[in-house]
Protein chains: 2
Amino acid sequence: MIRQFFSTNKHALLYGLSLACLIALLKGLEIRYFIFDHSIEIYIGAIAIIFTALGIWLAMKLSRPKIERIVVEKEVFINSGPSVVNEKEITKIGLSNREIEVLRFMAKGLSNQEIASQLYVSLNTVKTHASNIFMKLDVNKRVQAIEKARELGLLNIEKLPG
Amino acid sequence: MIRQFFSTNKHALLYGLSLACLIALLKGLEIRYFIFDHSIEIYIGAIAIIFTALGIWLAMKLSRPKIERIVVEKEVFINSGPSVVNEKEITKIGLSNREIEVLRFMAKGLSNQEIASQLYVSLNTVKTHASNIFMKLDVNKRVQAIEKARELGLLNIEKLPG
DNA sequence: TTTCAGCTCATACTTTCGGGTGATTTTGCA
DNA sequence: TGCAAAATCACCCGAAAGTATGAGCTGAAA
């Protein structure tokens with residue numbers, strides 16, 4: 001505790017010591033006799049000025065430089081969230097391969113019949129897939145499903161998972 | 001020149017003045033007589049310490065801080081395309097105020113009936129608006145309309161035009 | 001081998017959408 | 001004050017979407 005104080009304030013103590021030495025020196029030289037006896041105030045004033053200067057110098061030396069930190073926010077534009085398909089979400093939700101295909105066609109605005117034609121399956125199959133998609137995404141309309149899929153990043157162009 | 005010096009060093013001059021006042025005060029109180037005559041050195045030491053402290057304080061006050069600029073990169077995600085509502089497109093396409101409202105509800109996945117309830121109008125009215133929207137956007141399915149609106153940046157949150 | 005998930009398809013039914021047409025009321029602007 | 005645009009509502013009909021249920025087929029895992 002005390003040792004720490006000594007080590008951290010080493011400079012200050014040193015300066016204090018040299019200060020004391022200076023006083024001793026002043027006394028030793030008997031400068032005050034050099035000045036007229038009635039002008040003790042001048043002497044004190046001189047002392048005051050000297051030590052004020054010393055204090056300023058001390059402060060300059062000791063005080064760590066005052067640093068004013070100005071935080072400049074530089075805006076870095078990033079081209080929209082995850083452009084990579086969010087496979088984690090897909091597996092978490094449990095969407096099958098085929099279901100994601102259907103989901104993406106749905107998002108492109110194709111009707112169930114059109115999706116059926118694209119995938120070479122029947123309309124009923126597409127409807128079943130759609131129902132399962134809605135169940136897994138916890139919605140009951142295709143627009144909501146698309147909305148949710150968009151939020152979760154399921155609609156990005158990439159190869160289908162595994 | 002001189003005036004500028006006075007104005008810029010106003011604080012320093014003030015402190016100097018108060019310093020002089022302090023000396024006068026010390027003299028006025030004749031503190032030195034309170035202290036034993038032979039211990040004039042103690043008096044001087046006290047003066048020295050006081051003015052050193054004063055100097056330090058002065059330095060603290062006066063030293064202007066070093067300014068350090070810290071550039072922080074703030075990531076701004078662009079939601080692909082204009083994040084501000086594209087009023088030009090709206091006026092170009094000729095979508096009315098109400099139609100945009102309906103369009104946005106549609107994009108949230110609400111059914112026509114739900115939109116009607118939200119807007120306190122009849123289902124038929126919403127259907128009419130929807131038809132007009134499809135006509136103006138040159139599509140024939142709500143999912144396509146939403147898709148197109150999203151491309152054109154018509155779905156961003158902002159006050160409606162007009 | 002059995003089990004199970006995924007994909008397929010079907011039937012039947014209800015709800016919602018979308019297109020077409022026509023009409024009345026509000027409202028902003030000249 | 002009157003007109004044009006906007007907003008409102010109605011009715012009909014067919015198409016599409018969504019719900020519910022059941023079932024056959026396949027490949028991989030237990």
Side-chain angles (χ1 to χ4, degrees), chain A residues 85 87-150 154-155 159-162, chain B residues 87 89-150 154-155 159-162:
Chain A
V85 71
E87 298 201 14
K88 283 182 191 171
E89 286 293 341
I90 289 176
T91 53
K92 200 172 79 181
I93 294 168
L95 284 172
S96 73
N97 217 319
R98 203 61 156 171
E99 283 161 358
I100 290 175
E101 273 188 287
V102 172
L103 185 54
R104 285 175 183 170
F105 278 121
M106 267 173 43
K108 283 206 279 184
L110 300 189
S111 68
N112 286 343
Q113 182 57 66
E114 287 168 330
I115 296 171
S117 300
Q118 285 286 318
L119 296 178
Y120 299 104
V121 295
S122 80
L123 172 59
N124 292 306
T125 302
V126 175
K127 282 178 157 187
T128 304
H129 286 315
S131 283
N132 294 330
I133 291 169
F134 298 158
M135 214 187 304
K136 289 176 181 175
L137 289 180
D138 193 31
V139 297
N140 54 9
K141 280 185 186 49
R142 57 173 52 211
V143 175
Q144 292 172 345
I146 294 165
E147 181 82 358
K148 200 146 194 171
R150 206 181 292 276
L154 309 180
L155 298 179
K159 76 178 198 302
L160 289 170
Chain B
E87 298 201 16
E89 286 292 340
I90 289 177
T91 52
K92 198 172 79 179
I93 294 169
L95 284 172
S96 76
N97 217 320
R98 203 60 157 173
E99 284 161 357
I100 289 174
E101 274 187 286
V102 172
L103 184 54
R104 285 175 182 170
F105 277 120
M106 267 173 44
K108 283 206 278 186
L110 301 187
S111 68
N112 287 342
Q113 182 57 65
E114 288 168 329
I115 296 170
S117 300
Q118 285 285 318
L119 296 178
Y120 299 106
V121 296
S122 78
L123 172 61
N124 292 308
T125 303
V126 175
K127 285 170 91 172
T128 304
H129 286 314
S131 283
N132 293 330
I133 291 168
F134 297 156
M135 213 187 305
K136 289 175 180 176
L137 288 180
D138 193 29
V139 296
N140 54 8
K141 281 187 188 51
R142 60 172 48 213
V143 176
Q144 292 171 346
I146 293 165
E147 182 82 358
K148 198 146 194 172
R150 204 182 293 277
L154 309 180
L155 298 178
K159 73 177 201 306
L160 291 168

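Proteins get letters first, then strands, A, B, ... in listed order; numbering begins at 1 in each.
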What is the distance from CD of B:Glu114 to C1' of D:dA17, rounded to the nearest Å?
14 Å

Distance, rounded to the nearest Å, where B:Ile133 contributes CD1 and C:dC17 contributes C1'
13 Å

Given protein heavy atoms under 4.0 Å, the one-letter contact record of nucleotides 4-10 of chain D, with B base, S sugar-phosphate only and - none, is simply ---SBBB

Can you measure A:Gln113 atom CD to C:dG18 atom C1' for me and round it to whole angstrom units?
17 Å

Examine distances only and state if a side-chain atom of B:Lys141 and a backbone atom of A:Ser111 form a donor-acceptor pair shorter than 3.5 Å.
no

To the nearest 0.5 Å, how far apart are CZ in A:Arg150 and CD1 in B:Ile146?
9.0 Å

In this structure, how many angstroms lie between the P atom of D:dA17 and the CE atom of B:Met106, rounded?
14 Å

One pair to check against side chain to side chain contact (heavy atoms under 4.5 Å, CB included): A:Glu147 and A:Val139. What are the steps and the verdict?
CA-CA 10 Å; A:Glu147 181 82 358; A:Val139 297; over 6 Å; no

So, OP1 or OP2 of C:dT16: does either fall under 4.0 Å of a side-chain N or O from B:Asn112?
no

Here the gap from A:Lys148 atom NZ to A:Ile93 atom CD1, rounded to the nearest 0.5 Å, amounts to 7.5 Å

Heavy atom of residues 140-150 of chain A under 4.0 Å from DNA chain D: which residues?
A:Asn140, A:Lys141, A:Arg142

A:Phe134 backbone acceptor or donor facing A:Arg142 side chain under 3.5 Å
no

Roughly, in whole Å, what's the span from NZ in B:Lys127 to P in D:dA16?
15 Å

Would you indicate whether the side-chain heavy atoms of B:Ile115 and B:Met106 approach each other to under 4.5 Å?
yes

At their closest point, which heavy atom of A:Leu154 faces which heavy atom of A:Arg104, and how far apart are they?
O-NH2, 3.1 Å

Which donor-acceptor pairs under 3.5 Å do side chains of residues 123-131 of chain B form with protein atoms, sequence neighbours excluded?
from     : atom 1 : to       : atom 2 : distance (Å)
B:Thr125 : OG1    : B:Ser122 : OG     : 3.1
B:Thr128 : OG1    : B:Asn124 : O      : 2.9
B:Ser131 : OG     : B:Lys127 : O      : 3.3

What is the distance, to the nearest angstrom, from the CZ atom on B:Phe134 to the P atom on C:dT16?
16 Å

